[in-house]
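Taking it in order: structure first as structure tokens, then the write-up.
What you see is a predicted model, and the numbers here were worked out from it, not measured in a lab. Residue numbers begin at 1 in each chain, while the letters A, B, ... track the order of the sequences.
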Amino acid sequence: SDTIKIAYIDPLSGPFAPVGQNILNSFQYVAEKANAEAWAGGHKIEVVGFDNKGSPQESLTVLKTIIDKGFRYITQGNGSGVGLALLDAVNKHNERNPGKEILYLNHAAVDPDMTNSKCSFWHFRFDSNSDMKMEALTSFMAKDLAIKKVYIIGQNYSFGHQVTRAAKEYLGRKRPDIQIVGDDLHPIGQVKDFSPYVAKIKASGADTVITGNWGADLALLIKSAKDADLKANFYTYYAGTTGVPTAMGAAGIDRVKQVSYWHPNNESFSGKEIVEGFKAKYKDDYYSMATYTVIASLSKAVKESKSIEPLKVALTMEGMTVKSLNGDDVLRKSDHQIQQPLYISTWVKTNGKDVKYDQENTGLGWQTNQKIEAFVASQPSSCQMKRPN
Amino acid sequence: MTVFSLELKDVRKSFGQSEIIRGSNLQVPKGERFAIIGPNGAGKSTLFNLISGRFPISSGAILLNGEDISRLRPFEINRRGLSRSFQITNIFHRLSVYENLRCAVLWSLGYKYSFWQRLNGLKDAHERVEAVLEQIGLKNRREIGAGLLTYAEQRALEIGVTIAGGADVILLDEPTAGMSRSESDAAVELIRKVTVGKTLLMVEHDMSVVFGLADKIAVVVYGEVIACDTPINIRNNQKVKDAYLGGHAPVEVAA
Amino acid sequence: MEFTLITLLNGVSYGLLLFMLSSGLTLIFSMMGVLNFAHASFYMLGAYFAYTISSKLGFWPAFFLAPLLVGLLGALVERYGLRSVHKHGHIPELLFTFGLSYVIVELVQLIWGRSTVPYAIPAMLDGPLFTLYTTTFPIYRGFMMLVALLMLLSIYLLLTRTRIGLVIQAALTHPEMVEALGHNVPRVFMLVFGGGCALAGLAGVVGGNAFITEPGMAATLGSIIFVVVVVGGMGSLAGAFIASILIGVAQTFAVAIDYSLMSALAIAGIKVTANTPAYALLSLSVSQVAPILPYLLLVLILIFRPRGLLGTREG
Amino acid sequence: MSGFFEIKDLHAYYGKSHVLHGVDLRVDRGEIVSLLGRNGVGRSTTIKAAMGQVDAQGSILFKGEQLIGLKAFQIAHKGLGYVPENRDIFPSLSVEQNLLLGQKSGKPAAGKPRWSLDDMYRMFPRLKERQHTAAGVLSGGEQQMLTLCRTLMGDPDLVMIDEPTEGLAPKIVDLVAEYLKELRNRGISVLLVEQKLAIALEISQRVYVMGHGCIVFEGSPQDLRGNQRIRQEWLEV
Amino acid sequence: MIMTKPLSYTPINLGRRIIWSSFALLLLFAPLLFSSGASLSLLSQMGTLMIFALSFNMLLGQGGMLSFGHAVYSGLGAFIGIHTMNLVSAGTLSIPISLVPLVGGCAGMFFGVLFGYVTTKKSGTTFSMITLGMVELVFACSLMFPGFFGGEGGISTNRVIGKPILGISFGPQIEVYYLIAIWLFISAVGMYAFTQTPLGRLINAVRDNPERVEFIGYNTQWVRYLTLILSAFFAGISGALSAINFEIVSAENVSAIRSGGVLLFTFIGGIGFFFGPMIGAILGVLLTVILSDLTKAWQLYLGIFFILVVMYAPGGIASILMMNLRVLKFGLYKKIWPSMWKLILACAVLALGAVISIEMLYQISLEGAGAADMQLFGVAFAPAKPSAWIVPLMLMLVGGLSFLRLRPSFARDWGEANTDIQEQLRRSQA
Ligand SMILES: Nc1ncnc2c1ncn2[C@@H]1O[C@H](COP(=O)(O)OP(=O)(O)OP(=O)(O)O)[C@@H](O)[C@H]1O
Ligand SMILES: Nc1ncnc2c1ncn2[C@@H]1O[C@H](COP(=O)(O)OP(=O)(O)OP(=O)(O)O)[C@@H](O)[C@H]1O
Ligand SMILES: CC(C)C[C@H](N)C(=O)O
Ligand SMILES: [Mg+2]
Ligand SMILES: [Mg+2]
């Protein structure tokens, strides 16, 4: 039996460190559980954190280091910019070093390109991509006839651009009557005062805001909106990530909605042992459920292929069905994009019933509005995958 | 009409409201040694600053060898053959004595901003520096950092840097300030030696130096040249006595 | 109209926040010549201290205690660190504060953890101050503006009613001589540095809950406060004030303007398409350019007026 | 009168180099004393040591208090004034600000200070004219005047002046001599380091001659005038 | 006069040749010592950073120009380099990879000509601040013009283009290493040679006293400007090399952070010596890449390290090295060694204790109270148990106290040794 070592390449220092550290802890917590329960048969799984300082270039240095240390699996997610760079580098490495391939398990970088125009055999995505999430979000919004005017605001980088594009496109298709009254891209992680943006949103008369913002960028945006008494609903991707719940606090109640592939207050509270165990151990919330899917998929593929060789494992993973906390998910063969359900939920007070778990001890948590089944959430792909022969 | 080495025509300079130089006229013939004296704050150093291009003049004209230099920048004036020293020592403290002088000769030897020639390969520069070192008596201090020299040595180097470029009009601002008697005697000798055949303009408060060195003395008071004459006439000029000398005109001239 | 007024108000209040942040730096950088890269870290410390104190004793004690603590810390840093570095010149000082900023961030994370802490606006300052048309203006923003103005006033009095400013400026060139005239230069330096840090701490107390208190809050501040100080002019408090407001208002308004060169050309009847040369430049809207405005201003000011707006000296 | 200002067996060092080898000198109340000597013998160092700016051993008593070990600003507060040879004016401050800095920080000593800004301007009208000019652009001589006045603003009981007449026009030199006498008349003692022998001899009550880090002569100006050997050997005149 | 040509005038070419040849040998054989893929990649990074730091020191060390924006030149060099490579692989251009650094250098130079004209108008703090504004401007532009800068994700490339020449495809890291090594050697020689040219000397003069330079016939602005252009050329080379090495260039390459980094490490290495920046570059890579790999507390260590260097070795590592070498050369080591080794030992003990404590603190803070045991220096520690703290605290106490006790005697010995040397030097000069 061997130890399968996964290198976790994400920010562990700098402004994005809180999220990076939380997810690393999540990975290690799940891996511990997997080892205790022998998910991968006799093999052990170990996740080792490496700091990429949030930079694409630094990530490539780290990649070289970990390859040298004998790692064959990497996982990354915080930032699609980094994701695209790693994807490219992994492809090049695998091409130049046959027999020593690396497999990239993507837990959160959701730029659709990674499973479309830039798709790769060596990359599996365990998060739903931003188009899938937007599809779900807009379908949900389409039913709300009160929505008349929408404002889109995002961070100025690949993911933010994708959100803006998809939002316009899908809303235009589903609800042509909805007016896009404005869209803004602001520098990522640099805006301290969002009130000018809020003033703009307000002046536009928007009743709904769509944003892919995360981290401080989301927290500050919602805070400013509250201060200026902006009466608009927020449709978000990442209101559940470290730091945002605290900053949002009561200001976000009923106002903030989120699209995600899982949340702790799901219909069956699936994953509650992990949520509770994690909280007891780290005094922090478990929200990045993709960590579970990654470990579970890898374990299963190792077990089935009876190999820890990335090539074999990848071939096995293709089209494989894995049991995760949100049901039976499929790792679609054509583009390596996981197919899983999506939830639309709203930020409300915990009530001990359907809203049991709060986040960051705020007494507030997510309440499901709608669950979108995997086949509904699914999206076509333009991927033309090159497979090793 | 003879061309003067240096000629000031009704030069004026104001700083803000106050006019410091109020129409100075001066004509320095080639090869003469001129001393400028005058009360503190009369504008002697300012005059030097104007001539050497450190400040722009407000009006008037300054001619160097008949050519108007009053709108030029310091380095342009220097390239036309005028070089000056400073009242407060102004050398390159972290460079060695040798390098100080080498920097000073480079432009005049035509090396300009060259970064394709090796300094150590420049024979002419080396020889010129050696000659200057010899003249100013710092031959065996060549490798010492200029900042570590004693005060008198620094003053000598200051003069060395000023003359090394081979300028033919030299301006010296209080070259012997702060020196002891014997040191300043040595400095006078040095100045006499290095300015042979050149035009010299010098500000000094030490009357024995002034009267010992100068062919002619110009007296500046309140931004005007009130007198310009031979030392003997100056010494007997009542106006100068009142304004500047008091009872201090040295009795024996040029010992 | 509502939009213009609100944006103006937002701009001014953002400007005042910038001023709060940079007033301490003006003191330290332009008076003492120390490029204090850790200034924003002291701002962060102010916020964290205030968070801890206010959760024990309430907001008002924190409002007074936290800046004091930060000031004390600053004074200690000066006394046991910067002072010995000072004689080696500006670059070592800069590196010292640079290292310090790393250490402070890490210590903050060790003590308070890596994620956001719930440092909230006190109830009595929460809520709207007035409503302009339909937009509310929060009390807390008003409070921030008041604090900034009080800061301006008190530093101004300190600098004009005492000779501290003169002593520091003189000591920059001839410290020994200033001492020989009977002034305790090291102590003045320590006080000024501590005072500057205390001001940063105060800004942290006020800014920490207006925005968010997290370990990254120092890093995002970055160089903008240097821009304020330099644009305002070295040694000029009033300059820093004007520069802050100027930058605040300009940036806020820029964000609001969606016009680009392209739309200007369109009005002139010239159609620009994606194939037009320099399309990328032409299609940039003013709001997208907003982030670079302060730096553009900095470069232009330094080229055309190196003394800064109201500065008295260069460099 | 057991010592108003008394230096005994003073040794001073720049790093390792031993510059003063046991200097003894004394200034009494209301006296002008000159310290003469060639360049580099250590006259400035003596003054700097008294001002706490050089490492020194030995004893410096001022009004009965030991100055060695005190910091410069403490010494200044005891009533010692220092006019440095290289002027050290504060270039970016105006003339008036320079003068104001001469006043000591902290509470003023009992009684009214002997000098006011106006006194200074009366002494050197030139300074009044340049009142609001940055001191850095003053002419050499003006700077010299400013340095002297700045120290006087601190209301010292003893002023140590290092080469005050350097760079001054001959007429102003006479003026400075007059003012030094005036200082004495106001009860201020002066320790003068001077290059210009004539003036030193004219205004001082006593003179010291220094050679290589120690005192080689002490006496009245007349004594020195009469002592050809000392003048030859130690003053090169 | 030619007869009395003094000895010191002839430069000691022999010594210099030896140094340069051993440098070349070192570059040649380094991969044999550190042969693993990762160390090769580290060596490559060090190489590019060395060029960058040396070029930065042309400004800071030689010219006294503190730039906060030097990354602009290396970064833009890198971008042009990578676009060139992409054009080559698209077939629109035909340049061998080995010459891409030259393209980068020219690009750096071009931007040096462009921006330098503005920045070098002034010197001192004004210069620093303009460069700060400039780098922030360029950085902000990188997000506005994603076509050129590739937005937040940057531009990537494939360095293996076309057919291998002489069997060199630049795919394997070792080939890239040697490419970098060759360019490093060329650049280092070039930059050293610069210090020995008229312009190189004049920039020293400008650093010392810009005012006087104007009065010996030179326009200081031009001296600064030309130096900056040359320095930008070398910065551009380093940028293009890093583009080849990483096969990606992103906006951070033109950021203030990158510029600050090179300032930091150049200074740590020592700006007063030509080779100082090279030491700084080695340290820089080790500290940021390796240390962050070893421990989560790396930023804390980094911060403490900077502070210590600045406080106790303001001349940088190079100055410590040279001072020790000097003591060695004068044979005075036996005099200081007795107190030196004790002090070093005390420091080591202190550092050991501190490191253990810091690591345990981090373990607790990151892993929560139930922090697992950890391995440090091959020993297991259980940070959760108070007893585990006894050892490191004791170490710190013992180390700290003995440090305080031993320092004065070392300082005295060290001071004496150095005055001895100065004495000897003075005597030999007189
Ligand atoms: N940049 C300036 N701004 C304002 N005033 C100035 C400036 N430069 C010089 N002055 C003034 O001009 C006057 C003349 O100064 P200058 O230095 O020329 O005198 P000087 O004749 O050399 O005197 P000294 O013999 O004392 O050196 C002085 O009163 C000085 O204060
Ligand atoms: N900072 C210093 N470091 C080392 N040596 C010094 C320093 N300052 C002065 N010296 C030396 O100490 C000796 C005495 O210097 P000091 O300045 O006291 O002389 P002085 O009698 O005032 O002469 P001067 O006429 O030059 O002012 C000189 O030999 C000088 O070289
Ligand atoms: C961790 C996530 C917030 C990252 C983000 N989804 C991205 O693709 O860039
Ligand atoms: Mg003068
Ligand atoms: Mg002296």
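The parts of E:Val160 that come within reach of chain A are both its backbone and its side chain, each placing non-hydrogen atoms under 4.5 angstrom from that chain. Looking at E:Thr157, the atoms closer than 4.5 Å to chain A (heavy atoms on both sides) all sit in the backbone: N, CA, C or O. Contacts of A:Asn156 with chain E are made by both backbone and side-chain atoms, with heavy-atom separations under 4.5 Å.
Inter-residue side-chain proximity for A:Gln57 and E:Arg258 is flagged as met; some heavy-atom pair is nearer than 4.5 Å. Within the 4.5 Å cutoff, side-chain heavy atoms of A:Lys64 are placed close to those of E:Asn245. Contact annotation: the side chain of E:Lys296 approaches that of A:Gln21 to within less than 4.5 Å [non-hydrogen atoms, C-beta and beyond]. Residues A:Leu60 and E:Glu247 fail the side-chain proximity criterion, which asks for heavy atoms closer than 4.5 Å.
Listed here is the closest heavy atom pair of E:Thr288 and A:Lys53: O-NZ, 2.9 Å.
A:Lys69 NZ: more than 12 foreign heavy atoms inside a 6.0 Å radius. In this structure, E:Leu291 places its CG atom where more than 12 heavy-atom neighbours from other residues, nucleotides or ligands lie under 6.0 Å away. Other residues, nucleotides and ligands contribute only 12 or fewer heavy atoms inside 6.0 Å of the CD atom of A:Gln384.
Between atom CH2 of residue E:Trp298 and atom CG of residue A:Leu12 there is a gap of 10.5 Å, rounded to the nearest 0.5 Å. From E:Ile248, atom CD1 reaches atom OG1 of A:Thr61 across 10.0 Å, with rounding to the nearest 0.5 Å. Taking OG from E:Ser41 and CG from A:Leu63, the interatomic distance works out to 9.5 Å, rounded to the nearest 0.5 Å. Within the model, atoms CG of E:Leu40 and CG of A:Asp68 stand 8.5 Å from one another, a figure rounded to the nearest 0.5 Å.
Between chain E and the options A:Ala280, A:Pro56, A:Ala85, A:Gly49, the largest number of non-hydrogen pairs under 4.5 Å is found for A:Pro56.
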